[in-house]
Protein chains: 2
Amino acid sequence: MAILLDSHLQCSECPIRHRAVCAKCSTDELGELTEIKTYRSFRAGEPIMWRGDPLEYVASVVGGVASLSKTMEDGRTQMVGLLLPSDFIGRPGRSEIEFDVTAATDVTLCCFRHRPFEKMVGTTPHLSQRLMELALDELDAAREWMLLLGRKTAREKIASFIEMLVIRSNVDGDAARSQMLELPLTREQIANFLGLTLETVSRQLNAMKKEQILEFKDRRRFKVLDFGRLHDETGDDSDGGVIY
Amino acid sequence: MAILLDSHLQCSECPIRHRAVCAKCSTDELGELTEIKTYRSFRAGEPIMWRGDPLEYVASVVGGVASLSKTMEDGRTQMVGLLLPSDFIGRPGRSEIEFDVTAATDVTLCCFRHRPFEKMVGTTPHLSQRLMELALDELDAAREWMLLLGRKTAREKIASFIEMLVIRSNVDGDAARSQMLELPLTREQIANFLGLTLETVSRQLNAMKKEQILEFKDRRRFKVLDFGRLHDETGDDSDGGVIY
DNA sequence: AGGGAATTTTGACACAGATCAAGCTATGGC
DNA sequence: GCCATAGCTTGATCTGTGTCAAAATTCCCT
């Protein structure tokens, strides 16, 4: 479960605010939580948890990007979630996971052991209520993504993806318009997220560059020059007009 | 939220067992719940709740099939959930819905007013725990569907859809192999569920009929003749072998 | 029962995106 | 700094599914 919420738990060591904990929780409860925590780091590409694994800990992403994905026997894979810093990995009341969690970039997690965390959830109504809210947020996001996967064109998928990055980069402040952004994924990972091939992702991205909608500093860093035309029809590159 | 769970609440009037309520709940609690309930009926095609509507009641589907869907401005729609009898509609802690709920067939709902239900959730830990479990089930199902929408072929989509119907028909008993089943949706609705067009759905269904994998009694009722080949490659209709 | 609308089937064709195949360009390790 | 490798771009071609159109079937209403 990836979690996005406006509550916070700032512990001394973590550079981000944890979003999985209810803002109303008392400091005592926070203390109990921070006591059971440890850090874990993963290199880009490393598996974090595997489908069917027993769930030994829940975690907040402190740095980097992790992905949730499902893979078919023949290798086709579909990403079903992206975990950015401050997002939460965990399934309240569950002891197994149903998908693979992989480090997309180098990732640092702030982990809480599963059992104590569950116990705390059981005794903290605010927290369990908050977790329910988070699960429903996830569900809404998943459904929005189903619309994208089932009905949008390649161009629209890319546009939605970039829009999501813009929105997520606005966390703690709305100044992100036209600022430099980073694609946190390779072309192949983006393709797996959007239900496309890496070639199609590359072509669409370069088309938007040619159309002056995006500007690339390097393969990863870019800027949105024209939000209005992000969702435009493709084609129509009519770079000369009528020849008479 | 569509809900599928092995707990039950059998109230005197409803022909099905409600799945949204924790099996451990006391009869007092059930009594409180049944007091605030009413029935509502909808004709096939009628909207039940609309995106953005205030959530006035939560409900169990008693009869018929309802769908959750999202629609784009230009009319493209994607179904994001199917509600079969005993499934639950509701978003614990939320007062709005994020998608359209429509009666796919004639539908009867057993409704509980939102406020009293929420109050009861707040004072019944078992219930809220159970609802969390349901939300996570929904999330797992949504992610499975994302894999289908993003990566499966038309044939595979149809096969998965039929498989889902078989599994769901097995509720309360596992005798469903090879029994007569019903497509609860029109070709167009199936298409909207699978991210296809109605023509493609029709063609695939008829191909599977020609290949003797499915047998149709009429447009809606059918039987699965060969589960093994449900997921087979298409093509290879080689209906005679080599001509020499 | 009959007529009209809705649904489904079927065909011909188009096209978005996949696939296959080079070549290119960054990047990290030595 | 240089090489090896992973990542990316670009081109040519193919194909599964969409689109458009029309006919066939079923359903439902009077």
Side-chain angles (χ1 to χ4, degrees), chain A residues 43-46 72 74-78 103-106 148-159 161 182-211 214 216-222 232-237, chain B residues 43-46 72 74-78 104-106 148-159 161 182-210 214 216-222 232-237:
Chain A
R43 309 305 308 274
E46 262 190 282
M72 297 169 69
D74 64 2
R76 283 176 283 176
T77 87
Q78 176 64 50
T105 64
D106 291 352
L148 176 143
L149 291 171
R151 292 304 187 197
K152 293 191 182 176
T153 64
R155 160 64 71 112
E156 291 169 327
K157 287 178 175 181
I158 298 281
F161 178 63
E182 181 157 3
L183 290 176
L185 304 175
T186 66
R187 303 293 186 261
E188 187 176 21
Q189 291 167 331
I190 295 171
N192 284 339
F193 198 25
L194 299 177
L196 297 171
T197 59
L198 74 174
E199 292 96 329
T200 298
V201 170
S202 177
R203 278 187 250 266
Q204 291 292 340
L205 246 19
N206 284 88
M208 290 170 107
K209 178 173 138 194
K210 200 169 295 174
E211 292 171 36
L214 301 180
F216 282 85
K217 181 184 172 183
D218 59 31
R219 289 284 169 23
R220 293 297 193 97
R221 299 206 132 276
F222 71 100
D232 267 11
E233 324 297 325
T234 182
D236 244 331
D237 199 6
Chain B
R43 309 304 309 275
E46 262 190 281
M72 297 169 67
D74 64 2
R76 282 177 283 176
T77 87
Q78 175 64 51
T105 63
D106 291 353
L148 177 143
L149 291 172
R151 293 304 188 197
K152 293 191 182 176
T153 64
R155 160 66 72 111
E156 291 169 326
K157 287 177 175 181
I158 299 281
F161 177 63
E182 180 156 3
L183 290 176
L185 304 174
T186 66
R187 303 294 185 259
E188 186 176 22
Q189 291 168 332
I190 295 172
N192 285 337
F193 197 25
L194 299 176
L196 297 171
T197 59
L198 75 173
E199 292 95 332
T200 298
V201 171
S202 176
R203 277 188 251 266
Q204 291 292 341
L205 246 19
N206 284 95
M208 291 169 105
K209 178 172 138 194
K210 200 169 297 175
L214 300 181
F216 281 86
K217 180 184 171 181
D218 59 31
R219 286 293 176 4
R220 292 300 191 94
R221 299 204 133 278
F222 71 102
D232 268 10
E233 325 298 325
T234 181
D236 244 333
D237 200 8

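- The closest donor-acceptor contact from the side chain of B:Asp106 to the backbone of B:Arg43 lies at 3.5 Å or more, if one exists at all.
- Atom CD of residue B:Gln78 and atom CE of residue B:Met72 lie 11.0 Å apart, to the nearest 0.5 angstrom.
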Please tabulate, one pair per line, each protein N/O and nucleotide N/O from nucleotides 6-8 of chain D that are separated by under 3.5 Å, including the distance.
unit_1 : atom_1 : unit_2   : atom_2 : d
D:dC8  : OP2    : A:Arg187 : N      : 2.8
D:dC8  : O3'    : A:Arg219 : NE     : 2.9

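- With sequence neighbours excluded, the residues satisfying side chain to side chain contact (heavy atoms under 4.5 Å, CB included) with B:Arg221 are B:Met180, B:Glu182, B:Lys217, B:Asp218.
- When the side chain to side chain contact (heavy atoms under 4.5 Å, CB included) test is applied to B:Thr200, the partners found at least two apart in sequence or on another chain are B:Ala154, B:Leu196, B:Thr197, B:Gln204.
- Contact of the A:Leu198 side chain with the A:Gln189 side chain is not registered, since no non-hydrogen atoms from C-beta on lie closer than 4.5 Å.
- Contacts of A:Thr77 classified as side-chain hydrogen bond (donor to acceptor under 3.5 Å, both in side chains), with partners at least two apart in sequence or in another chain: A:Asn192.
- Residue pairs satisfying the salt bridge (charged side-chain N to carboxylate O under 4.0 Å, His left out) criterion with at least one member in residues 196-209 of chain B, sequence neighbours excluded, are absent.
- Note that CG of B:Leu149 and CG of B:Leu194 are 7.5 Å apart. Values are rounded to the nearest 0.5 Å.
- The overall bend of the helix from C:dA1-D:dT30 to C:dC30-D:dG1, read as the angle between its terminal helix axes built from five base pairs each, is 60° when rounded to 10 degrees.
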Reading nucleotides 14-19 of chain D 5' to 3', which nucleotides get B (base under 4.0 Å from a protein heavy atom), which S (sugar-phosphate only), which -? ---SSB
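- Running 5' to 3' along DNA chain C, contacts with non-hydrogen atoms of chain A at under 4.0 Å begin and end at C:dG17 to C:dA26.
- Between B:Leu183 and B:Phe216, the closest side-chain pair of non-hydrogen atoms falls below 4.5 Å.
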Working note: B:Val201 + B:Phe161, criterion side chain to side chain contact (heavy atoms under 4.5 Å, CB included); need CA distance, chi angles, decisive distance, verdict. CA-CA 11 Å; B:Val201 171; B:Phe161 177 63; over 6 Å; no
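- Evaluation of the side-chain hydrogen bond (donor to acceptor under 3.5 Å, both in side chains) rule for A:Arg76 yields A:Asp74, B:Glu156 as partners, not counting sequence neighbours.
- B:Arg187 pairs by the side-chain hydrogen bond (donor to acceptor under 3.5 Å, both in side chains) definition with nothing, not counting sequence neighbours.
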